[in-house]
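Below is one structure, written out as structure tokens; comments come after it.
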Amino acid sequence: MKETIIALLDEALAALKQQGLVPADTAPRYKVDPTKDKAHGDYASNLAMTLAKPAGKPPREIAQALVDALPESPAVRHVEIAGPGFLNFFAATDAVAQVVKTVLETGDTYGRSLVGAGEKVQVEFVSANPTGPLHVGHGRGAAIGDCLCRLLEATGYDVTREFYYNDAGAQIQNLALSVQARARGLSPDHPSWPEDGYRGGYIIDVAESYLAGDTVDADDQHVTAAADPDDLDAIRRFAVAYLRREQDLDLKAFGVEFDVYFLESSLYRDGKVAATAERLADKGHTYEQDGATWLRTTDFGDDKDRVMRKRDGDYTYFLPDVAYHLDKWQRGFTTVINEQGADHHSTVTRVRAGLQALEAGIPPGWPDYVLHQMVLVTRSGEEVKLSKRAGSYVTLRDLIDEVGRDATRYFLAARRADSQLTFDIDLARSQSNDNPVYYVQYAHARLCSVMRKAEADERPFDHDLAMDNLVRLESDQEKALMNRLARYPEVIAHAAANREPQQIAQYLQDLAADFHTCYNAVKVMVDDAALRNARLALGLATRQVLRNGLDLLGVSAPEEM
RNA sequence: GCGCCCAUAGCUCAACCGGAUAGAGCAACGGCCUUCUAAGCCGUGGGUUGCAGGUUCAAGUCCUGCUGGGCGCGCCA
């Protein structure tokens, strides 16, 4: 429908150029958008307004000329000029109803596109170090990152989900010492407890499992405990595997799986950190000062230079970060999206500067970042801070256990990443109309119920009869619903291009609202077979789009509630 | 002090590369189940989009300066 209108307008524009009303070299960037108000028809265009300046005439005058030049089309019932010069298109019912046919023909693939075909995209997200259970912030990253991946897949990209973690640094040593202390029966208040040790109760579980000689299988780690409290190296390996397994279990319960687990230690082992340091020095962007080696990141937009090798000879975390991103580039990812907490935003400039200093042909501004703000969890209006397992923070597992996977995913993905999020546990777990997740899922369940009714009445859906009678879907509510269905592909494209998964949640709320309104206004199972089947077709199409959209969020579409 | 992000109805949030009268849900009030799931629908009230300028035919959206909040500013990650 939209394409039809664009084609008509392009013809009219060509005619105006012919008449000399508009300079022949004018190439306006105009829009044809669905209207918010049905009094404005189905679609509106701002073409006349964009032509006002080049033509040197008032927009409404241009609009009239465009209307006069507009070719007849069976899809368009009539056109109005309104407001400052909008062209409002009122679509013919059967043109609007074509979307029902399209949805039923394309099914699961409705809304998908191939704009990213052939392009490899990597999304790095969660990337928690294996020093404890995942917290709510990781959950937000997991929800946003995974939905982004689904969106990118839906727009044709070849997506790799990647999880990066440090398995060998000071934090891991600290973890090993903490587990060792627990294995020796010490508690955090004991004088020999390691300074800055991990105090959470989960460390006890790790220690007990280690002493029991357990074998753990994580997605990327398989280790059997040595059970010897003096073997710190064995403890370290076991603790990392144990906590990785815990994280994987949480992520699986959340419906998130990764293609690649990337270990920071592998960058050292494969000589990539050293090679990166050498290359930076070769390109002349480093200098020695105070016994340390610095990278002149200020040449690439940073506000101060950064130490890349410390006085003690070790590299700072920053250098493996650069080496890691160079590796991503060399793996052929033209687009890389890093989903991280906004508390790490300072690394953005630094990593990009480091990559530029390599002079490796990496575009400035590569990679992309999606940064999410903090999550505040509340219950009964009070902030929730503590968790039994982790001690100092609310875990992802706590939320999944308490409010369920669907509601947790939905709540964490349904808000813009760059705004702070309040996760209201009471709201998320309420099985009532307060809860937006159920509102959308209920629409799906209701439609399934209608289909069951059709079967039970032995008046099953007749596809051919329905297709011949789509023109019968002529109420305002049905047209609004069909126009909403028609917008879905654009919503996906826009959400993917802008890396904004919350737009899918928003769309689903709108779609569900249009459906519920329609459901209350128009009875499906009427005796008129032609009308009944047309309405069943609309119901099937709506159910399909609800399913497709919920799938993008990783939320289930229940058949009954 | 410097940098990044945010500020929209009483509350939680939308608003599609700038478009018409800024929209939903919750909360408040009034209606709708002998009819396909009332976890629903219909209606009423609720706004100087933090403040002040600027660009534009058109600004919640873009620019500048303020105010308020979050995060960051380590030879930690």
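Every heavy atom of this structure was used, including side-chain atoms; hydrogens, water molecules and symmetry mates were not.
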query = How far does the P atom of B:C11 sit from the matching atom of B:G65, given to the nearest Å?
reply = 29 Å
task = Would you mind telling me which of B:A38, B:A20, B:C42 lies closest to the side-chain atoms of A:R446?
result = B:A38
key: A:R459 and A:D527 ion-paired at < 4.0 Å   = yes
message = Would you say A:N533 and A:D462 are linked by a side-chain donor-acceptor pair, where the criterion is simply a distance under 3.5 Å?
response = no
query = Does the side chain of A:R547 come under 3.5 Å of the side chain of A:Q544 through a donor N or O and an acceptor N or O?
reply = no
message = Nearest to the A:V450 side chain among B:A20, B:C36, B:C5, which nucleotide is it?
response = B:C36
ask   = Going by an N to O cut-off under 4.0 Å, is there a salt bridge joining A:K2 and A:E490?
value = yes
By ring pair (Phe, Tyr, Trp, His ring centres under 6.0 Å) - contacts of A:Y43 (at least two apart) = none
query = Please give, in whole Å, the distance from B:G25 P to A:L508 CG?
reply = 16 Å
ask   = What is the distance from NE2 of A:H444 to C1' of B:G40, rounded to the nearest Å?
value = 17 Å
request  = Would you please say whether a donor-acceptor pair under 3.5 Å links the side chains of A:T349 and A:D302?
outcome  = no
ask   = Quick one: what's the B/S/- string for nucleotides 64-77 of chain B, heavy-atom cutoff under 4.0 Å, read 5' to 3'?
value = -----BSBSSSBSB
inquiry  = What is the distance, to the nearest angstrom, from the CG atom on A:D476 to the C1' atom on B:C41?
reply    = 16 Å
query = Hey, are A:E478 and A:R535 close enough for a salt bridge, meaning a charged N less than 4.0 Å from a carboxylate O?
reply = yes
key: Positive for ring pair (Phe, Tyr, Trp, His ring centres under 6.0 Å) with A:Y261, one of A:F163, A:Y164, A:Y165   = A:F163
request  = Can you tell me the distance, in whole Å, between the CG atom of A:L51 and the P atom of B:U56?
outcome  = 20 Å
task = Check whether any side-chain nitrogen or oxygen of A:K31 sits under 4.0 Å from OP1 or OP2 of B:C16, and answer yes or no.
result = no
inquiry  = Once side chain to side chain donor-acceptor pair (under 3.5 Å) is applied, do any residues pair with A:D196, and if so which ones, sequence neighbours excluded?
reply    = none
query = Looking across every strand, which nucleic acid part, if any, lies under 4.0 Å from A:A82 by heavy atom: base, sugar-phosphate, or nothing?
reply = base
inquiry  = Between B:C2 and B:C66, how many Å separate the two P atoms, rounded to a whole number?
reply    = 9 Å
message = Would you measure the distance from the C1' atom in B:C26 across to the matching atom in B:G45 and give it in whole Å?
response = 15 Å
ask   = When the P atoms of B:U67 and B:A28 are considered, how many whole Å apart are they?
value = 39 Å
inquiry  = What's the gap between B:G54 and B:C13 when it is taken at their P atoms, as a whole Å value?
reply    = 33 Å
ask   = When you check the phosphate oxygens OP1 and OP2 of B:C36, does a side-chain N or O of A:R459 lie under 4.0 Å from one of them?
value = no
request  = Output the single nucleotide from B:C41, B:G19, B:C6 whose closest atom is nearest the side chain of A:Y439.
outcome  = B:C41
ask   = With a 4.0 Å cut-off, would you call A:D167 and A:R244 a salt bridge?
value = no
ask   = When rounded to the nearest Å, what value does the distance between C1' atoms of B:G25 and B:U64 take?
value = 36 Å
ask   = Is A:V437 touching bases, backbone alone, or none of the nucleic acid, heavy atoms closer than 4.0 Å?
value = nothing
Give me the distances for all protein-to-nucleotides 21-24 of chain B N/O pairs that come in under 3.5 Å?
none

request  = Could you check how far CG of A:D528 sits from C1' of B:C36, rounded to whole Å?
outcome  = 16 Å
key: Interatomic distance, A:H372 NE2 vs B:C6 P [rounded to whole Å]   = 15 Å
Quiz: residues 57-64 of chain A side-chain donor-acceptor pairs under 3.5 angstrom, not counting sequence neighbours:
from  : atom 1 : to    : atom 2 : distance (Å)
A:R60 : NH1    : A:G83 : O      : 2.6
A:Q64 : NE2    : A:D68 : OD1    : 3.0

task = Please state the P separation for the pair B:G19 and B:A58 - nearest whole angstrom.
result = 14 Å
ask   = Just the dot-bracket of RNA chain B, please: which string comes out with Watson-Crick or G-U pairs under 3.5 Å, [ ] for crossing, | for another strand?
value = (((((((..((((.....[...)))).(((((.......))))).....(((((..]....))))))))))))....
note = By ring pair (Phe, Tyr, Trp, His ring centres under 6.0 Å), A:Y369 pairs with (sequence neighbours left out) none
note = Sequence neighbours excluded, the answer for salt bridge (charged side-chain N to carboxylate O under 4.0 Å, His left out) partners of A:D327 is A:K272, A:R331
ask   = Who passes salt bridge (charged side-chain N to carboxylate O under 4.0 Å, His left out) against A:R405, sequence neighbours left out?
value = none
ask   = Which is true for A:E559 with a 4.0 Å heavy-atom rule: it touches a base, it touches only sugar-phosphate, or it touches nothing?
value = base
Using a cutoff of under 3.5 Å, can you pull out all pairs of nitrogen or oxygen atoms linking the protein to nucleotides 44-46 of chain B, with atom names and distances?
none

query = With rounding to whole Å, what would you report as the distance between B:G69 and B:A77 at their C1' atoms?
reply = 26 Å
query = Is there a donor in the side chain of A:E288 and an acceptor in the side chain of A:T293, or the other way round, less than 3.5 Å apart?
reply = yes
request  = Scan A:E490 against the nucleic acid and name what it touches under 4.0 Å (heavy atoms): base, sugar-phosphate only, or nothing.
outcome  = nothing
ask   = By salt bridge (charged side-chain N to carboxylate O under 4.0 Å, His left out), which residues pair with A:E278, not counting sequence neighbours?
value = none
remark   = With syn meaning chi within 90° of zero and anything else anti, the base of B:C33 is syn
inquiry  = From the set B:A20, B:C16, B:C36, return the single nucleotide nearest to any side-chain atom of A:Y519.
reply    = B:C36
task = Please tell me which of A:L87 and A:C448 maps to the more 5' nucleotide of RNA chain B, matching each residue to the nucleotide holding its nearest heavy atom.
result = A:L87
query = How would nucleotides 29-35 of chain B be written as a contact map, 5' to 3', with B for base contact, S for sugar-phosphate-only contact and - for no contact, using protein heavy atoms under 4.0 Å?
reply = ------B
query = Rounded to whole angstroms, how far apart are OH on A:Y442 and C1' on B:C41?
reply = 10 Å
message = Between A:H78 (side chain only) and A:F90 (backbone N and O only), is there a donor and an acceptor less than 3.5 Å apart?
response = no
query = Of the candidate nucleotides B:C57, B:A20, B:G40, which contains the atom at the shortest distance from the side chain of A:M49?
reply = B:C57
message = For A:D10 and A:Y30: C-alpha separation, side-chain torsions, deciding distance, then whether side-chain hydrogen bond (donor to acceptor under 3.5 Å, both in side chains) applies.
response = CA-CA 10 Å; A:D10 283 343; A:Y30 68 95; 2.7 Å; yes
ask   = With a 3.5 Å cut-off and no angle check, do the side chains of A:Y317 and A:N166 form a donor-acceptor pair?
value = no
query = Rounded to the Å, how far apart are A:Y43 OH and B:G19 P?
reply = 18 Å
